[in-house]
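One structure is given here, and the rest of the page talks about it.
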Amino acid sequence: MTIIPQQLAAVRERLRLACEAAGRPPDSVGLLAVSKTFGPDAVAQAMAAGQRAFGENYVQEGVDKILALRASHPGVALEWHCIGPLQTNKTRLVAEHFDWVHTIDRLKVAQRLSDQRPAHLPPLQVCVQVNVDGGANKSGVAPADAPALAQAVAALPGLCLRGLMAIPEPSPDVESQQAVCERVKAVFDGLKGVSPQWDTLSLGMSADLEAAVAAGSTLVRVGTAIFGGRERATAA
Ligand SMILES: *Cc1c(COP(=O)(O)O)cnc(C)c1O
């Protein structure tokens, strides 16, 4: 017995209502199902309910799942997004197996991904991660540094720069969630034109997807509300 299809349906309904409340078309926000810490079975259940885009935080775990699902469901094209912090020693695996990377916050990582992207694959779709509210030890570039990084990333041949990603600090208060999301949106709008395909604002998770949609997110990353709570909150 599984409740993943029902929870996925409930998240889709939340998204639809959030779009309606924001006066946005219902198909203007994509849904990334964040399957980190859950096995291939959980992904397959979401697939059976029509989900095709999945997010993973831990590179090796993600690659294992990508290969397992390709073997078990050879006819189904999935889209895999790397949404975790990326060390330079993991870039080759990501370049060879993933379709997207959301967490570009250093040029060196972007250069390696570009160099290591196999020629038979389309360019890796990437977002620059921006940190509008965190301390210095949080991932993401400061808004002031985002333009220079975005320009440099846009010039790399193995990558296609699509937009920005952010992980706002958790806040129970919808108004402060929305204020932070609007700061991210302002940075996103300010960078328009840096890439010919600047169309993705990756913002919003289980707890703040309404605020993110109100602010202009085009892609929400939802784990807990689809797959349930995770025992392992973080890992290397
Ligand atoms: C885990 C994670 C998510 C999903 O968070 P939930 O609160 O479980 O919806 C989204 N984005 C990133 C970057 C994550 O690490």
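Quick caveat: nothing in here was measured; it's all calculated off a predicted structure. Counting starts at 1 for both ligands and their atoms, in listed order. For reference, positions follow the sequence shown, starting with 1.
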Distance from [atom] to nearest protein heavy atom, with residue and atom:
atom                    : answer
atom 12 (C) of ligand 1 : Ile83 CD1, 3.6 Å
atom 10 (C) of ligand 1 : Met205 SD, 3.2 Å
atom 9 (O) of ligand 1  : Ser206 OG, 2.5 Å
atom 1 (C) of ligand 1  : Lys36 NZ, 1.4 Å
atom 8 (O) of ligand 1  : Thr224 OG1, 2.5 Å

Can you sort out which atoms of ligand 1 are near [X], meaning under 4.0 Å from one of its heavy atoms?
X      : answer
Val222 : 9 (O)
Arg221 : 4 (C), 9 (O), 10 (C), 11 (N), 12 (C), 13 (C)
Ile167 : 13 (C)
Met165 : 13 (C)

Mind telling me whether Phe54 and Phe227 have parallel, tilted or perpendicular rings, with 30° and 60° as the class edges?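 Tilted, since the angle between the ring planes falls between 30° and 60°.
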
Dump the intermediate steps for side-chain contact (heavy atoms from CB on, under 4.5 Å) on Gln87 and Val59, then the final yes or no. CA-CA 10 Å; Gln87 310 298 328; Val59 173; over 6 Å; no

Test item: side-chain donor near acceptor, Asp64 and Gln60, under 3.5 Å: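 Yes.
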
Any side-chain donor-acceptor pair under 3.5 Å between Gln129 and Ser139?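 Side chains of Gln129 and Ser139: no pair found under 3.5 Å.
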
Under a 4.0 Å threshold between the charged nitrogen and the carboxylate oxygen, would Glu13 count as salt-bridged to Arg16?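 Yes, charged N to carboxylate O under 4.0 Å.
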
Do Val194 and Val126 share a hydrophobic cluster, counting only Ile, Leu, Val, Met, Phe, Trp and Tyr and linking them when any side-chain heavy atoms are less than 4.5 Å apart?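 Yes, Val194 connects to Val126 through the hydrophobic network.
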
Test log, rule side-chain contact (heavy atoms from CB on, under 4.5 Å), inputs Trp100 and Leu32: CA-CA 11 Å; Trp100 283 70; Leu32 190 60; over 6 Å; no

Decide whether the shortest distance between a heavy atom of Arg230 and an atom of ligand 1 is less than 4.0 Å.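 The answer is yes: ligand 1 sits under 4.0 Å from a heavy atom of Arg230.
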
